[in-house]
Structures are given as C-alpha cells and as structure tokens.
Amino acid sequence: MAKGLPKRSEDFSAWYNELVGKADLAEHSGVKGCMVVKPYGYAIWENMKAVLDQKFKETGHQNAYFPIFVPKSLFEAEEKNAEGFAKECAIVTHYRLKNDPDKEGKLMVDPAAKLQEELIVRPTSEAIIWSTYKKWIQSYRDLPLLINQWANVVRWEMRTRLFLRTTEFLWQEGHTAHATKAEALEETEKMMYVYADFAEDYMAMPVIKGLKSESERFAGAEDTYCIEALMQDGKALQAGTSHFLGQNFAKAFDVKFADADGKQEYVWASSWGVSTRLIGGLIMTHSDDLGLVLPPKLAPIHVAIVPIYKGGEQLAQISEVANKLKADMQAKGIIVKYDDDDKRKPGWKFAEYEMKGVPVRIAIGPRDLENGTVEVARRDTLEKESLQQEDLAIKVEHLLEQIQINLLDRAKTYREEFTNVATTWDEFTELIDNKGGFVHAHWDGTEETEQKIKEETKATIRCIPFDQKEEAGSCIYSGNPSKGMVLFAKAY
RNA sequence: CGGGGUGUGGCCCAGUCCGGUCAAGGCGCCUGGUUUGGGACCAGGAGAUCGCAGGUUCGAAUCCUGCCACCCCGACCA
C-alpha cells in the first residue's frame, strides 16, 4: 500500500479519489463510469444495508425483486418520469452475438437478433413495479402495499466519481401504494425520518430534512423530501430522497382499487431510496489527511490489535494476551482483528489501519507484558493512552461509543460553522464563493430566480427545511416578497 | 458533449521531442538471513508480445495513419 494522501486543504477532490483507492474501498473497472467495490468497501455497504433493511422491516416493509429490464412501452407510460430519465438510459436492442466473418476470433452483434421492443436498463423501477402492482391491487384490502427492493440501477451520467456518482450503482428503492393521500404522505415523511435517523445514529452524519424545490424534484413526483448533508469541502450532498408520487403512477399504469363502498379509486404512492453514494458521504464527512475515519457502528473492523515483539517467543507471549483480550471483546460484539502478520512491521500496520479508518487500535509490546497494560489509540482524535488490561473489553466498548458520539458532534460543529444566513445578495455571493457551506436566504419561490442564482453562483436550493420558520422577507436575488428562507449550497 | 491527460511486468511510473545494448527505477511477489514501540534492511530470484490495427525503416515503446479504452476539469444528474 502506497504512502500518504494529498491534503484535503490543497486538493479535496484528489484526496477523495486517492483515499477511496488507498483505503481499499473501490477501484475503477475497465468499464466506463463503473466501479469495482472491493471487499472492505462492500463490507461497509453490507453494514449499512443490514441496518436499513432492519429499519424497513420494522416499519412494515417487505423485500421483493423486480427485473432489471423495463420494456420501453412501460418505461414511457409515466411521461414526466420517462422524460426525466430519458437522457441517461442504457438500452438493450439485441439479444445475441455471432462470430464476425471478417474478423477471426471476434464477435459482432447479430443483426438478426434485434429485439422487437427495446429494453431499458432500469434507472429506477417505478415503471416496472407499477405495471406489476396493477395486478396485485384490486381492493382496499390489498393496501397498503409496502415493498422494498435492493438492486442495482444504471444512469448514464456524463461524469462519474467513485461512490458519489457511478454509471451503475447499488441502492434500495421502496415503492408503496396506499388508499389515501394522507397515508401516502405519512409514509413519504416516515421514510425520510428513517433515513435521517440512520444518517445521524449510524453514519454520524448530521442531515437537514426538507422539501425539494419544484425544479429539483424527482421526475414524476408531487413532492420530494430529502436529507442533505454537508461535506468537509463545504459542498452539500443529497444523501437520501423520499418521494410523494400522488396518483401519477397509478394513473399512468391504471392501478385502481375498490374502496369499502365498492367505488373505484386510483391508489396513492410513495417511493424512496438511498444508494452507495452514502459511502461517499461517510468518507467526506469524517475522514482526514491520514485516511478514512469510520464510525464504529458501520466499521467492518472495530479494533485492530498489533503485536510488537522481538522473536517468536515474545510473540507467543503477546499472542496469548492478545487472544484473550480479543475473545473478551468479541463476547461483547466487538469485531476484532489480531494482526500477527510477521511480514509487516508495527509502523506499517499502524499507518494501514489509520488509512482504513479502524476506530480503535491496540498495540501490545514487551513493556505492556511487564506492566499488564496495552496501548489504545483512537482513530478519530489520534490520541493514544496506556490502559490496564483488566476490563479492557468494557473500556473499549465505552470508547467505541464515545468515538461514535464524538464523530457526530464534530460533524455537527463543522456544519454549524459552515451554516450561515445571508440577507443581501453581496453577503450571499461572498458566502457561497469564499466560505462555502449552507446558506439560508430568502427566495421568492420562482423557478426563474432559482435558475439565475444557480447560473451566477452555482449554488442550488438544497431544500426548504422543515424546521424553517415562516417569515416574511424579500428575496436576496429579485427583492420580491418571500415567505421564508430556504437552504442554498453548492452541491455534489 | 466540449477541454485536458493517460495507456510500458500485479501496482506506481522513466524512456517517446532527437528511431539503434532501452525495456530503467520504486513498490509488491518468491528464497534465505537479520529485524520488529510509527510505513525495516541485506543478498539472490521470477515476472513485459511497451492499449489495438496498419504503415515507414536494415531496425519502432519512440515516427506516420486509423481505432479503442480509461482518468481528470466543466455542462447534466443521486
């Protein structure tokens, strides 16, 4: 593993890219815009997935799986949704290759194997799912229908970045059907809270909950709820969205149900999703110039134990202590790696576990054998202290809790520092251009103004925060009346 | 889609302008030995049709033509 990372302060983008590689999270594949998620990175995703999956089930959802291909005729049924995604679709047109008569050993697309109807590789699954729901829903007794799917989707973006925006990515998408508007709205909001709780409690990533402006709304939605996080470079990251779809998809796919009075009604819908992008958010929220910093609740390894020894005999003595401590910690559900690999020196291992963001490192050497101690180093603050071996598992358990709390606190403090209010256009541009971060400002509510602000500053409305108070003001750009402030930032 | 790069052992890359012991170096890997409290060292060893296809030439990683792929910066988006 190579040494050192670029400094965040000098080139945040290069820092991020190199960190992803050096922490062994993912790498570029031979396929444009597509990544290989490596075991360590995938382990983080699995941890995220496990927690979210449980939360979805606790809120009454079931998992199912729908096809990756969407026939074009289904795809185009909900017009706005289709239009929104049309520019970034991969399309299957043929189903067979054959030997190329002109090029020995090469294959070509068999023109005889052209599909009658093209298949769209799902950029999202509303179409295929709602065409299925039509068959599943007849009566109010079939509602609510609460389904989640873990899947891959493809969006042919112009420009990609590992985890943050890849052509293919992993995500979950919830698709629910309800008898009433109120119920669908409640669901939409509920899932946004599930995401927000996950972001804060597990990722230690504070988020702002709010509503997207019309132009930022999901294609085909009536309303998009979102959680927005702030990265260390002052840019915002949309970390999750939950959409109230109204009856748009029900109407497009003719999904009606008989209510208790036998009257036919269109069902109400929501959809919501988070993706492997969360890993990008996790990285950019906590990590430092030494590498990844992971919150204990999502770290694949909680504790790495590094022996420091001279000769096999000493190693054996240390291993005895290490294995006992490891067993104690494991009994408390702490994931421990005892790294007695003789091919690496301690210094190398220290740097390696720092790069990989392991929350706690324990070193045990001859001094410790004598004193009955171990050296405990925490990744978040880089502090080291010597602790007695007695009750170490309990101490480490507490330490992991503290690290989890500290990471969230630190991220909150950072976000507070980089959240400001602008009352004039000058203040606004000054903040956006020079300081970065979130900027609260009055907006006249028009798409035109939103667009102009974006053109002139690159800042977009991240959301209309739920906890924003209603107050009369005047738009920082147009000077027209505003009903309240909204949240601006440059975004990923 | 514009702009800029890159493609050479598993990885990072030198060499390309100026064609000829040029396929160099570092990391990693294998063998042996010494080491081990912040990325060890010594000795020996294995590993490359220089992105692909043509062409020029006595001779091409190097020059010419065409193609392909990926990355980075923007516009578009999760």
Side-chain angles (χ1 to χ4, degrees), chain A residues 1-5 11 13-14 16-18 21-22 24 27-35 84-89 103-104 106 123-124 153-173 195 212 215-219 224 226-229 236-243 271-281 290-291 306-312 314-315 318 339-355 361-371 373-375 377 382 384 386 454-455 458 460 462 491-492:
Chain A
M1 189 69 46
K3 299 180 183 182
L5 290 173
D11 189 343
S13 181
Y16 176 85
N17 289 333
E18 293 215 20
K22 287 184 171 155
D24 225 16
E27 64 189 29
H28 291 287
S29 66
V31 187
K32 183 182 171 62
C34 295
M35 64 179 166
F85 285 102
K87 298 188 303 296
E88 52 192 63
C89 288
K103 290 176 194 156
E104 184 69 26
K106 303 283 184 192
T124 179
V153 287
V154 168
R155 295 183 188 175
W156 213 268
E157 303 286 355
M158 307 261 163
R159 201 157 125 47
T160 58
R161 302 195 64 192
L162 292 174
F163 291 117
L164 294 174
R165 178 167 299 104
T166 46
T167 301
E168 179 195 18
F169 57 94
L170 303 180
W171 78 345
Q172 60 68 220
E173 45 183 326
Y195 289 152
K212 283 291 185 191
S215 67
E216 298 273 334
R217 196 176 285 163
F218 177 74
T224 288
C226 64
I227 54 172
E228 293 283 327
L237 183 78
Q238 179 175 307
T241 47
S242 184
H243 315 291
S271 72
W272 28 273
V274 294
S275 72
T276 35
R277 169 177 254 207
L278 287 178
I279 296 174
L290 293 176
V306 177
I308 297 158
Y309 57 94
K310 290 187 172 69
Q314 200 168 63
L315 176 61
I318 291 168
D339 188 353
D340 60 353
D341 181 355
D342 192 48
K343 292 189 285 296
R344 305 288 188 199
K345 288 186 70 180
W348 192 93
K349 293 175 187 173
F350 292 172
E352 178 69 4
Y353 291 118
E354 275 159 13
M355 184 64 81
R361 183 187 72 233
I362 294 176
I364 310 175
R367 288 207 300 265
D368 298 302
L369 285 184
E370 260 176 54
N371 303 330
T373 55
V374 296
E375 182 193 77
L382 298 170
K384 290 192 269 198
S386 194
K454 185 178 175 183
E455 279 165 21
K458 297 203 172 140
T460 51
R462 300 322 304 152
Y492 273 97

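So that the names make sense, note that chain A is the first sequence line, chain B the second, and so on, each numbered from 1.
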Check whether the side chain of A/Glu354 and the base of B/G38 form a donor-acceptor pair under 3.5 Å.
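Indeed, a donor on one side and an acceptor on the other fall under 3.5 Å apart.
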Could you tell me whether [X] contacts a base, only the sugar-phosphate backbone, or nothing, with contacts defined as non-hydrogen atoms closer than 4.0 Å?
X: A/Arg161; result: nothing
X: A/Gly240; result: nothing
X: A/Val31; result: sugar-phosphate
X: A/Glu27; result: nothing
X: A/Gly84; result: nothing
X: A/Gln314; result: nothing
X: A/Thr124; result: nothing
X: A/Pro366; result: base

Rounding to an integer number of Å, can you tell me how far [X] [atom1] sits from [N] [atom2]?
X: A/Glu375; N: B/G38; atom1: CD; atom2: C1'; value: 10 Å
X: A/Trp348; N: B/G39; atom1: CH2; atom2: P; value: 13 Å
X: A/Lys32; N: B/C1; atom1: NZ; atom2: C1'; value: 10 Å
X: A/Ile308; N: B/G38; atom1: CD1; atom2: C1'; value: 9 Å
X: A/Ile318; N: B/G37; atom1: CD1; atom2: P; value: 11 Å
X: A/Phe350; N: B/G37; atom1: CZ; atom2: P; value: 8 Å
X: A/Asp340; N: B/U36; atom1: CG; atom2: P; value: 17 Å
X: A/Glu455; N: B/G74; atom1: CD; atom2: P; value: 18 Å

Using heavy atoms to find the nearest nucleotide of RNA chain B for A/Gly365 and A/Leu162 separately, return the residue whose nucleotide is more 5′.
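Closest to the 5' end, via its nearest nucleotide, is A/Gly365.
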Provide the distance between the two [atom1] atoms, one in [N] and one in [M], to the nearest whole Å.
N: B/C11; M: B/G54; atom1: P; answer: 25 Å
N: B/U62; M: B/C71; atom1: P; answer: 25 Å
N: B/C63; M: B/C27; atom1: C1'; answer: 33 Å
N: B/G45; M: B/G4; atom1: C1'; answer: 42 Å
N: B/G20; M: B/U16; atom1: C1'; answer: 15 Å
N: B/A78; M: B/U36; atom1: C1'; answer: 47 Å
N: B/U65; M: B/U57; atom1: C1'; answer: 16 Å
N: B/G28; M: B/C12; atom1: C1'; answer: 10 Å

Is it the case that the side chains of [Y] and [X] hold a donor-acceptor pair, with the cut-off being a distance below 3.5 Å and no angle test?
X: A/Arg367; Y: A/Thr373; result: no
X: A/Asp11; Y: A/Tyr16; result: no
X: A/Ser215; Y: A/Arg217; result: no
X: A/His243; Y: A/Ser271; result: no

Shorter than 3.5 Å, N or O on both sides, protein versus nucleotides 29-35 of chain B: list them out with atom names.
none

Ring centres of A/Tyr492 and A/Phe163 under 6.0 Å apart?
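Distance test on ring centres: not under 6.0 Å, no.
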List for me each residue that meets side chain to side chain contact (heavy atoms under 4.5 Å, CB included) alongside A/Lys345, sequence neighbours excluded, and say none if there are none.
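If we apply the side chain to side chain contact (heavy atoms under 4.5 Å, CB included) test to A/Lys345, skipping adjacent residues, there are no hits.
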Can you list the residues that meet the side chain to side chain contact (heavy atoms under 4.5 Å, CB included) rule with A/Asp341, with sequence neighbours excluded?
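Side chain to side chain contact (heavy atoms under 4.5 Å, CB included) list for A/Asp341, sorted by chain: A/Asp339, A/Lys343, A/Arg344, A/Lys349.
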Evaluate the side chain to side chain contact (heavy atoms under 4.5 Å, CB included) criterion for residues A/Thr241 and A/Tyr195: first the C-alpha distance (whole Å), next the side-chain angles of each, then the deciding distance (0.1 Å), finally the verdict.
CA-CA 8 Å; A/Thr241 47; A/Tyr195 289 152; over 6 Å; no
Residues, nucleotides or ligands: over 12 heavy atoms within 6.0 Å of A/Trp171 CH2
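Yes, CH2 of A/Trp171 has more than 12 neighbouring heavy atoms, counting only those of other groups under 6.0 Å.
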OP1 or OP2 of B/C70 versus the side-chain N and O atoms of A/His28: is any pair under 4.0 Å?
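No, no such contact exists.
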N/O (side chain, A/Lys458) to phosphate O (OP1/OP2, B/G74) under 4.0 Å:
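A/Lys458 to B/G74 OP1/OP2: no side-chain N or O under 4.0 Å.
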For the residue pair A/Leu237 and A/Gly281, what are the closest heavy atoms and their distance?
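Answer, listing the atom of A/Leu237 first, then A/Gly281: CD2-CA, 3.5 Å.
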Beyond-backbone contact of A/Trp272 with A/Thr224, side-chain heavy atoms, under 4.5 angstrom
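Counting from C-beta outward, A/Trp272 and A/Thr224 never come under 4.5 Å.
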Report yes if some heavy atom in the side chain of A/Met35 is under 4.5 Å from a heavy atom in the side chain of A/Thr160; otherwise report no.
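A/Met35 does not reach A/Thr160 side chain to side chain.
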I want to verify a distance call: between B/C70, B/U36, B/C72, whose nearest atom is closest to the A/Ser13 side chain?
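The answer is B/C72, which lies nearest to the side chain.
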Between B/G37, B/C72, B/A75, which nucleotide has the shortest distance from any of its atoms to the side chain of A/Arg367?
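Comparing B/G37, B/C72, B/A75 against the side chain of A/Arg367, the answer is B/G37.
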Write out a two-atom table: protein N or O, nucleotide N or O from nucleotides 76-78 of chain B, distance below 3.5 Å.
from: B/C77; atom 1: O2'; to: A/Glu157; atom 2: OE2; distance (Å): 2.9
from: B/C77; atom 1: O2; to: A/Arg165; atom 2: NE; distance (Å): 2.0
from: B/C77; atom 1: O2; to: A/Arg165; atom 2: NH2; distance (Å): 2.5
from: B/C77; atom 1: N3; to: A/Arg165; atom 2: NE; distance (Å): 3.2
from: B/C77; atom 1: N3; to: A/Arg165; atom 2: NH1; distance (Å): 3.1
from: B/C77; atom 1: N3; to: A/Arg165; atom 2: NH2; distance (Å): 2.5
from: B/A78; atom 1: O3'; to: A/Gln238; atom 2: NE2; distance (Å): 2.8
from: B/A78; atom 1: O3'; to: A/Arg277; atom 2: NH1; distance (Å): 2.9
from: B/A78; atom 1: O2'; to: A/Arg277; atom 2: NE; distance (Å): 3.3
from: B/A78; atom 1: O2'; to: A/Arg277; atom 2: NH1; distance (Å): 2.4
from: B/A78; atom 1: O2'; to: A/Arg277; atom 2: NH2; distance (Å): 2.6
from: B/A78; atom 1: N6; to: A/Thr166; atom 2: O; distance (Å): 2.4

How would you list, by chain and number, every residue that makes a side-chain hydrogen bond (donor to acceptor under 3.5 Å, both in side chains) with A/Glu370, sequence neighbours excluded?
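Residues passing side-chain hydrogen bond (donor to acceptor under 3.5 Å, both in side chains) with A/Glu370: none at all.
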Give me the one residue out of A/Ile318, A/Val306, A/Ile308 that meets side-chain contact (heavy atoms from CB on, under 4.5 Å) with A/Ile364.
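Single side-chain contact (heavy atoms from CB on, under 4.5 Å) partner of A/Ile364 among A/Ile318, A/Val306, A/Ile308: A/Ile318.
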Can you give the dot-bracket line for RNA chain B, using ( ) for pairs inside the strand, [ ] for pairs that cross earlier ones, | for pairs with another strand and . for unpaired bases, where Watson-Crick and G-U count if both distances are under 3.5 Å?
((((((((.[[[..)....(....]]].((((((.....)))))).....[[[[[..)....]]]]])))))))....
